[in-house]
Amino acid sequence: GILKLGESTTLTATAESRGGTIARVVFYDGGSQLGVVAAAPFTLKFTPSTQGVHNITAIAVDSRLAQATSGVVSINVTATGNAAPTVSLS
């Protein structure tokens, strides 16, 4: 997705455990931890402070300390909230 610098979006993770209960979900922007949510719904307000591509992941940890990592969601943060078009010639 695309986001304007300084604007917020809500990150939402869905997590379930077959062998226990979800103890927490940890949200990351690349290698930087954004926050920890200890109860459903697993949502976190994200307000990026820099332009560029932010690669967001979430790690769910259950009551038995088993964990799983989500796929990456990329958010492109721009000064205007608009992405440049693409064009090609053939």
Hey, does the side chain of Ser70 reach the backbone of Ala58 with a donor-acceptor pair shorter than 3.5 angstrom? yes
Working to the nearest 0.5 Å, report the span between CD1 of Ile59 and CZ of Arg24. 10.0 Å
Could you list the residues that satisfy side-chain contact (heavy atoms from CB on, under 4.5 Å) with Thr50, not counting sequence neighbours? His54
With Thr14, which residues qualify under side-chain contact (heavy atoms from CB on, under 4.5 Å), at least two apart? none
Just jot down the side-chain contact (heavy atoms from CB on, under 4.5 Å) partners of Val53, sequence neighbours excluded, or say none. Asn55, Ser74, Asn76
Starting at OG1 of Thr80, measure out to NZ of Lys4 and round the result to the nearest 0.5 Å. 7.5 Å
Scan residues 12-37 for pairs that pass ring-ring contact (aromatic ring centres under 6.0 Å, His included), counting only residues two or more places apart or in two chains. none
List the atom pairs, with distances to 0.1 Å, where a side-chain N or O of residues 33-47 and a protein N or O form a donor-acceptor pair under 3.5 Å, not counting sequence neighbours.
from	atom 1	to	atom 2	distance (Å)
Thr47	OG1	Ser8	OG	2.4

Quick one: list whatever passes side-chain contact (heavy atoms from CB on, under 4.5 Å) with Val73, sequence neighbours left out. none
Taking all non-hydrogen atoms of both residues into account, name the closest pair between Pro48 and Val77 and its distance. CG-CG2, 3.5 Å
Taking all heavy atoms of Ala15 and all of Ala60, pick out the closest pair and write down the distance. CB-CB, 3.8 Å
If you look at every heavy atom in Asp62 and Ser17, which pair is closest and at what distance? OD2-OG, 2.9 Å
